[in-house]
Amino acid sequence: MKLILKWLLSAAALLGVAYIYGGVSVASFGTAMIAALVIGLLNMLVRPILVVLTIPVTLITLGLFLFVINALMFWAGSGLVSGFVVNGFWAALLGSLIYSALGVLIDALLERA
């Protein structure tokens, strides 16, 4: 049950990102649900591979390169889901930061429940 609730709240967070920041747009809540699922799958399957492959760069940048990887996952999600648009890398970076912050809030709320 918590997984479905987290998915719905992540979709709402994605709509929140689109509302807060103009560089990201989402066509509907259904599109947000699909995009949240795709971003979650990318973060689960592709992100760990990228993190391992970029360990030297991540160490040199003291971990800041992980923000770039998060932005790339967010941007890749927009490329895979029609109706979810991210206007370039910098929009993906800021959008992923907002989405991650909202995700932390969602996780904190679900821990209390």
Run through Val85, Thr31, Val17, Val86 and flag the one making a side-chain contact (heavy atoms from CB on, under 4.5 Å) with Ser25.
Val85
Please determine whether side-chain contact (heavy atoms from CB on, under 4.5 Å) holds for the pair Leu14 and Met33, giving the CA-CA distance in whole Å, both sets of side-chain angles, and the decisive distance to 0.1 Å.
CA-CA 9 Å; Leu14 199 54; Met33 287 179 58; over 6 Å; no
Does some side-chain heavy atom of Leu110 sit less than 4.5 Å from a side-chain heavy atom of Leu9?
yes
Using every non-hydrogen atom in the two residues, find where Gly23 and Ala91 come nearest and quote the distance to one decimal.
O-CB, 3.7 Å
Could you see if Ile60 belongs to whatever hydrophobic cluster contains Val51? Use Ile, Leu, Val, Met, Phe, Trp, Tyr and a side-chain cutoff under 4.5 Å.
no
With a 6.0 Å cut-off (strictly less than), is the heavy-atom count around CD1 of Ile4, excluding the residue itself, greater than 12?
no
For the atom pair CE (Met73) and CE (Met44), what is the distance rounded to the nearest 0.5 Å?
13.0 Å
For residues Tyr99 and Leu109: do they belong to one hydrophobic cluster (side chain heavy atoms under 4.5 Å, members Ile, Leu, Val, Met, Phe, Trp, Tyr)?
no
Hey, any chance Leu5 and Leu105 share a hydrophobic cluster, counting ILVMFWY side chains that come within less than 4.5 Å of each other, even indirectly?
no
The criterion is side chain to side chain contact (heavy atoms under 4.5 Å, CB included); which residues satisfy it with Val68, sequence neighbours excluded?
Phe65, Leu72, Phe89
Indicate yes or no: at least one non-hydrogen side-chain atom of Ile98 is less than 4.5 angstrom from one of Phe74.
no
Are Leu66 and Leu64 connected in the hydrophobic side-chain network, where two residues link if heavy atoms are under 4.5 Å apart?
yes
Hydrophobic cluster identity match, Leu102 and Leu3, side-chain contacts under 4.5 Å:
no
Under 3.5 Å, is there a donor-acceptor pair between the side chain of Lys6 and the main chain of Ile106?
no
Under 4.5 Å between any side-chain heavy atoms of Ile69 and Arg47, yes or no?
yes
Check whether any side-chain heavy atom of Ile39 sits under 4.5 Å from a side-chain heavy atom of Phe84, and report yes or no.
yes
Between CH2 on residue Trp75 and OG on residue Ser96, distance to nearest 0.5 Å:
12.0 Å
Working to the nearest 0.5 Å, report the span between CG of Leu37 and CD1 of Ile34.
8.5 Å
If you measure from CG on Leu50 to CG on Leu45, what distance do you get to the nearest 0.5 Å?
11.5 Å
Side chain to side chain, Leu93 and Asn70, heavy atoms closer than 4.5 Å:
no
Pairwise distance OG(Ser78) to CG(Asn87) - rounded to 0.5 angstrom
9.0 Å
Where do Ala92 and Ala71 come nearest, in terms of heavy atoms and distance?
CB-O, 3.6 Å
Does Phe29, at its CZ atom, have more than 12 non-hydrogen atoms belonging to other residues, nucleotides or ligands within less than 6.0 Å?
yes
